Structure formats: C-alpha cells, structure tokens
Amino acid sequence: MEGLFELGGTSTGGSLSSADHASAPLAVRMRPRSLDELVGQAQLRAPGSPLRQLIEGDKSLSLLLWGPPGTGKTTIASIVSRQTDRRFVEISAVSAGVKEVRSAIDSARAELVATGKETVLFVDEVHRFSKAQQDALLPGVENRWVTLVAATTENPYFSVISPLLSRSLLLKLESLTDDDIRGVLDRALSDERGLSGRFTIDDDALDHLVRLAGGDARRSLTYLEAAAGAAVSRLDGVRSSTAEKVVIDLATAETAVDTAAVRYDRDGDQHYDVISAFIKSVRGSDADAALHYLARMIEAGEDPRFIARRLMISASEDIGLADPTALTTAVAAAQTVQLIGMPEAQLTLAHATIALAVAPKSNAVTTAIGAALADVRAGKIGQVPAHLRDAHYGGAKKLGHGTSYVYAHDEPFGIAEQQYLPDVLADAAYYQPKEIGAETGIKERWERVRAIIRGSGRKRPKGSR
C-alpha cells in the first residue's frame, strides 16, 4: 500500500529491516539499535526521562518528536519498536492519505485483539498532514490501539492540531554538535555494520565532512559512504587486494560530495574575517558581495543564529531610521532561523541579507547613542529638571516636583515648549538625521519638533502641518 511500510518484530525484540541487509545505505546500517547508542540528545537519554520510561518501562505513550533533520527522530521510533517488541509501521505524510492512516490503525487494532501485540505507528513529517488526516489519527491514539511516534521539523504548536498535541508527549530534539557528528563518523569507520575498519580518514577530510553535515547525522554518513566509494575507485585496483587500509583524503572527500572544502576556522581568523567582510558588504550596499560571504559561512557550517544576530545589529547600526523596516526584517529572520533551522533557513538569511544590503543607509542612530554615552561617561549628567521628577508620592509637590510640568497632549501638535534635558546638557543635539531614505522625512519633522521644544522656532497655527 502506497505510503505504508510495515516491519514485523522478531521473537527477541528486534525489528526486521533493511538495516540488516549488507547493501543497505550506510546511514541505515548504522542506525542506533538502542537508546544508549543514540548520539546527542542527552536530555532525552537521561535516567528517568520520559523516553526511557517509555522504552524501559514498556509504557504505551504517544510521542511528538520536534527537531531539525538528521537528529534522530526516525531512529527513536525504531528504537521504541525494537526494544519493546512492538510491530513497527511507518507512514509518510508526503504520500499517505486518510485511507492509509485508517487502514494502519485498523490493522494495529486487529493485531492487538488477536495477539496482544502492540504497534508503533511512525508518521514522518506529520506537519504535512491536513487537519482531516491528523484527525484520523486520534481514535488510535486515544484508545491506545497504536503507540504514535510523529516527527516534524516545524513548530508543532503551529502545524499540529491541538487534540493530537494534547494527547502526545512533545520531545524537542536539538541539532547535533560537531563532536556528535565526529562520533557518528568514527563509529561508522570502525563498526562491523559500517566500514569495518577498512578505511582511515585524514583529519582535514573528516573536518570537511563534519562541516558539510551541518549537524545532520544521516547526511554525514551519506557523505562518508560516498567518500569511501571514491577512495576505492581512485585505487584502480592497485592495492585492492592488500590488507592495507584505504585512506580517505581531502581531495577524495571534495570529489565525492562535489563540494570544495571551505577554509574556515570558526574559532580563528577566518571566522572573524568573513563575518567582518559580510557586514561591511551589507553596510556598503553590495548585495552580491554580501551573498558571497553569506554562502561561505553557510557552506562552512557557521551557526546561522550567529549570522542572524549580526544582521540585527547591522539593521540598527548601519540603516537605522533610513529604513525603519530593516530591523523588523532582521528580527523576523532571526526568529525564522530558530523555528525552521538549516538548510531551509539559508533562504531566510539570504532574504534578510539582500533586504539590508539594498536598504538606504544611515548611521545617525549609532552616532546619536555614541554621543550621548560619551557625555554621560564624561560626567555631564546633571540633575533631572524639577518639573520632570516623580510627583506621585506625598510631599513631592512641596519639593517642587512636577509643579510646572506641561502635559504635551494639551499643546498644539502634542508638543510642549519645555526643557527635558538637565541644565548642563540643555543645548545637546545627539540625533542628527540624514537626508537618506525614510530618514529624510524624519529629519524634517524632528527639526521642527526640536525647535518647538526648545522655544527656538515659531509655533505653527493649530491644524497646519
């Protein structure tokens, strides 16, 4: 049946799967068989955690797994089935419909009645299911005819219906670290299910595969398998009959995945040089150059949250009120990066990069706060004018606090002629808008407003602009 994949359990609690076949992809063969073999996700593997209770306590509890690709969602479903001796049935939300969902649940119910054997129903990419399709899962979950394990890369609070969300335990999976990915690759090189110690890999080639993986264990194993195949092919049979290990070097790894290694040290000069060039290109309005440096960082595996933070800084530092929407765009990009992760977030980062690069530029906000801070640090502070001080406590008016305060909303244009700065700074003019972009209009208005506040401009008749 299209969209439905069933694996029967063995008497020893294992699951018969394509992982048992020698020709299966490396990523499938190396799929962890127990929770202890799972890489990363320490919060889920901790003693007493809900996942351990489900597996070791053999409880019937539906799970909703939320996390980036390659972090172990499918693996966890397989472990639940394998270690609890349940049937494992997989449905892909890409191809299955309501009919397939109901068929899987009916089959699980029949199996439970006939043999007492429970079923793990794994739904991959559950966010792709419509409301009707998700509704079809509810009877099976509610009556515990199946142990549902649903996986999603999108925020389930937006993509999963509330009844299903409330009946499932939500577990959030974190992106794997570089060390986690190295552990995955090292195990694959030595494990008999993997490459069985027949290969060695140079450090720079290993670093290259780790960077390209981007925290995705499945992708890292796919790349390693390709690199191993390329290394064997390059031998041309010269040493294939010897016992000497085959070496995977950087050139082989680059050829295998068709991606050149980016010389980029996230803890060294390259990290700072490339991000500096990126921000300066945005500031200089060269969208092409900015995209080049963005691409270098993405390919090198730079933390996308770091890039998004720098864009938010640039929105205020280099654009400011010349385009008031720039900061909104940058903040939205940062939030999106958090929600969807890589690789999809590269589109969002590119969107924000181009928007900020082509936006009109003004550093008036930067110079304004800089000048204000300089005066404060130089001791130009002074007393808060008496009419601005808090007058809401007993005795405040006797001290003259707030007695001569002019309520701005009672004045023409909502602006009162009144001193707001301390005496020592009465003539300070920190914000100096530029005639660029939207700040042109702000400059014109601010000059009129400041003149009224300080009494140096003629007040216009009520109703005029």
Side-chain angles (χ1 to χ4, degrees), residues 22-32 37-40 68-72 75 175-275 292-304 306 341-343 346:
S23 63
L26 180 61
V28 174
R29 301 201 309 270
M30 288 305 301
R31 178 166 288 160
E37 287 186 6
L38 186 67
V39 175
T71 51
T75 295
S175 293
L176 299 182
T177 66
D178 285 355
D179 287 340
D180 291 334
I181 296 298
R182 282 191 178 86
V184 169
L185 296 176
D186 286 340
R187 182 186 295 174
L189 285 164
S190 59
D191 196 289
E192 62 180 12
R193 292 179 296 155
L195 302 181
S196 304
R198 300 190 306 272
F199 295 82
T200 61
I201 186 168
D202 291 347
D203 288 343
D204 53 359
L206 180 61
D207 290 343
H208 181 48
L209 296 183
V210 169
R211 281 196 296 267
L212 290 178
D216 187 326
R218 183 169 50 243
R219 187 187 304 165
S220 74
L221 291 169
T222 300
Y223 289 162
L224 176 61
E225 187 172 26
V232 171
S233 298
R234 292 183 70 170
L235 290 178
D236 290 329
V238 174
R239 291 160 46 198
S240 59
S241 61
T242 70
E244 189 173 351
K245 291 184 177 182
V246 179
V247 177
I248 302 172
D249 58 19
L250 180 60
T252 302
E254 289 178 319
T255 302
V257 297
D258 195 26
T259 305
V262 179
R263 274 38 176 201
Y264 189 93
D265 179 3
R266 274 178 280 180
D267 297 318
D269 291 342
Q270 281 289 324
H271 167 82
Y272 296 103
D273 288 346
V274 174
I275 194 64
H292 166 75
Y293 292 115
L294 174 63
R296 282 174 63 168
M297 289 187 287
I298 290 172
E299 282 298 302
E302 180 61 83
D303 185 347
F306 168 72
M342 296 296 276
Q346 67 188 17

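Note that the structure is predicted; figures quoted are calculated from it, not measured. Note: hydrogens, waters and symmetry copies are ignored here, and every other heavy atom, side chains too, is used.
Between L250 and A205, the shortest heavy-atom distance links the atoms N-CB, 3.6 Å. Between A253 and H208, the shortest heavy-atom contact is CB-CD2, 4.0 Å. Closest approach of A231 to T252, counting heavy atoms only: N-CG2, 3.5 Å.
From L195, atom CG reaches atom NZ of K245 across 11.0 Å, with rounding to the nearest 0.5 Å. If you take OG1 on T71 and CG on D180, they are separated by 11.0 Å, rounding to the nearest 0.5 Å. The NE2 atom of H292 sits 10.5 Å away from atom CG of L294, with the distance rounded to the nearest 0.5 Å.
Within the 4.5 Å cutoff, the side chain of L185 has heavy atoms near those of the V210 side chain. Contact of the L206 side chain with the D186 side chain is registered, since non-hydrogen atoms from C-beta on lie closer than 4.5 Å. A heavy-atom distance below 4.5 Å is not found between the side chains of L224 and F199. By the 4.5 Å heavy-atom criterion applied to side chains, I201 and L209 are counted as neighbours. With a 4.5 Å cut-off on side-chain heavy atoms, E225 and M30 do not count as touching.
Under the salt bridge (charged side-chain N to carboxylate O under 4.0 Å, His left out) criterion, R182 pairs with D179, D207, sequence neighbours left out. For the salt bridge (charged side-chain N to carboxylate O under 4.0 Å, His left out) test, residues two or more places apart in sequence or in another chain that qualify with R193 are E37, D191. Remark: T75 engages R31, P32, L38, I79 in a side chain to side chain contact (heavy atoms under 4.5 Å, CB included) (not counting sequence neighbours). Taking the side chain to side chain contact (heavy atoms under 4.5 Å, CB included) definition, one finds that A217 meets it with L176, I181, V184, sequence neighbours left out. With sequence neighbours excluded, no residue satisfies side chain to side chain contact (heavy atoms under 4.5 Å, CB included) with S190. With sequence neighbours left out, S220 forms a side-chain hydrogen bond (donor to acceptor under 3.5 Å, both in side chains) with no residue at all. Not a single side-chain hydrogen bond (donor to acceptor under 3.5 Å, both in side chains) links T200 to another residue, sequence neighbours left out. By the side chain to side chain contact (heavy atoms under 4.5 Å, CB included) test, R219 pairs with D216, Y223, P343, sequence neighbours left out.
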Task: Evaluation steps, side-chain contact (heavy atoms from CB on, under 4.5 Å), between L221 and R29 - done: CA-CA 10 Å; L221 291 169; R29 301 201 309 270; over 6 Å; no
